[in-house]
Enquirer: 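Got a structure for you, questions after.
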Amino acid sequence: MMLAAVLGVLVSACLTAPAVAEVGQVSVVFTKGGFIVGVGGGQGVLTFRGKRYPFTVSGMSVGFTVGASTSKLVGRALNLRSPGDLAGSYAVGGAGGALAAGAGGVQLQNAKGVILQLSGPRVGVEASAAVGGVTIAMQ
C-alpha cells in the first residue's frame with residue numbers, strides 16, 4: 001500500500017514538471033531626448049524558438065538629462081517561458097552618456113523574472129544621471 005502511494009506521487013510529479021525557462025535574442029533601437037525629464041521610445045524584435053516577435057519600447061526618466069541619443073542594443077532575454085513574458089515594466093537606474101558615438105550596456109528585470117542583458121552603440125549628444133522606467137508591449 002505504501003509502495004503504491006510513493007509510486008503515485010513520483011508519477012504525478014513527473015507529469016506536472018514546471019516549464020523550463022529559455023533564452024531569447026533581442027534587438028532594440030531606442031531614441032531618447034530631453035532636458036531634466038527624458039522621454040524615449042523605440043521598437044525591437046524578440047527571436048524565440050525560431051520565431052520573431054515585434055515589440056515596442058517606451059520610457060521616461062527623471063533627473064539630470066540633457067540632449068538626445070539613439071541606442072542600437074542587442075542581447076539576451078533570460079528566463080522566458082513564452083514570448084509574452086517579455087512584456088511589462090522594467091526599472092532603470094544609472095548614469096551614462098554619449099558624445100557623437102559611444103557604447104552602452106544595461107541589465108533590466110521585470111516582475112515576471114525576465115532579465116534583459118543588452119549592449120550596443122549609442123549615437124548623439126546626451127548626458128544623464130537619471131532614474132526611470134521602460135515599458136515593453138508586444139505587438
Side-chain angles (χ1 to χ4, degrees):
M1 191 85 145
M2 183 73 131
L3 181 59
V6 170
L7 286 175
V9 169
L10 289 175
V11 168
S12 68
C14 291
L15 295 176
T16 60
V20 176
E22 298 178 51
V23 176
Q25 299 302 311
V26 178
S27 62
V28 180
V29 176
F30 189 80
T31 301
K32 177 183 170 188
F35 181 74
I36 306 300
V37 175
V39 178
Q43 297 182 19
V45 174
L46 166 67
T47 303
F48 184 64
R49 296 179 184 158
K51 294 184 181 177
R52 296 170 50 91
Y53 302 91
F55 60 88
T56 59
V57 182
S58 61
M60 185 175 85
S61 62
V62 177
F64 174 73
T65 299
V66 178
S69 68
T70 297
S71 298
K72 296 180 181 180
L73 305 171
V74 295
R76 304 182 306 165
L78 308 173
N79 301 330
L80 289 172
R81 287 183 169 75
S82 74
D85 289 348
L86 186 70
S89 296
Y90 294 79
V92 179
L99 177 60
V106 66
Q107 179 167 310
L108 311 166
Q109 183 171 355
N110 71 9
K112 296 175 188 167
V114 174
I115 298 171
L116 294 179
Q117 296 175 335
L118 304 170
S119 63
R122 192 178 327 176
V123 178
V125 177
E126 177 198 353
S128 68
V131 175
V134 173
T135 300
I136 293 179
M138 302 307 287
Q139 293 182 334

Enquirer: Do the non-hydrogen side-chain atoms of Leu80 and Leu46 ever get within less than 4.5 Å of each other?
Expert: yes

Enquirer: Identify the two heavy atoms, one from Phe48 and one from Glu22, that lie closest to each other, and give their separation to 0.1 Å.
Expert: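 For Phe48 versus Glu22, the nearest heavy atoms are CE1-CB, 3.7 Å.
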
Enquirer: Return all side-chain donor-acceptor pairs below 3.5 angstrom for residues 108-115, not counting sequence neighbours, or 'none' if the list is empty.
Expert:
| residue | atom | partner | partner atom | Å |
| --- | --- | --- | --- | --- |
| Asn110 | OD1 | Lys112 | N | 3.0 |
| Asn110 | OD1 | Gly113 | N | 3.2 |
| Asn110 | OD1 | Val114 | N | 3.0 |
| Asn110 | ND2 | Asp85 | O | 3.0 |
| Asn110 | ND2 | Ala87 | O | 3.4 |
| Asn110 | ND2 | Tyr90 | OH | 3.1 |
| Lys112 | NZ | Gly84 | O | 3.2 |

Enquirer: Tell me, please, which residues at least two apart from Val23 pass side chain to side chain contact (heavy atoms under 4.5 Å, CB included).
Expert: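 Result, side chain to side chain contact (heavy atoms under 4.5 Å, CB included) vs Val23: Gln25, Arg76, Leu78.
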
Enquirer: Measuring only between side-chain heavy atoms, which start at C-beta, is Leu116 closer than 4.5 Å to Ile136?
Expert: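 Yes; the side chains approach each other to less than 4.5 Å.
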
Enquirer: Quick check: closest heavy atoms across Tyr53 and Pro83, and the distance to 0.1 Å?
Expert: CZ-CG, 3.4 Å

Enquirer: Could you measure the distance from the CZ atom of Phe55 to the CD atom of Gln139? Nearest 0.5 Å is fine.
Expert: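 Those atoms lie 9.0 Å apart.
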
Enquirer: Under a 4.5 Å side-chain heavy-atom rule over Ile, Leu, Val, Met, Phe, Trp and Tyr, are Val28 and Met138 clustered together?
Expert: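 Yes, Val28 and Met138 fall within the same hydrophobic cluster.
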
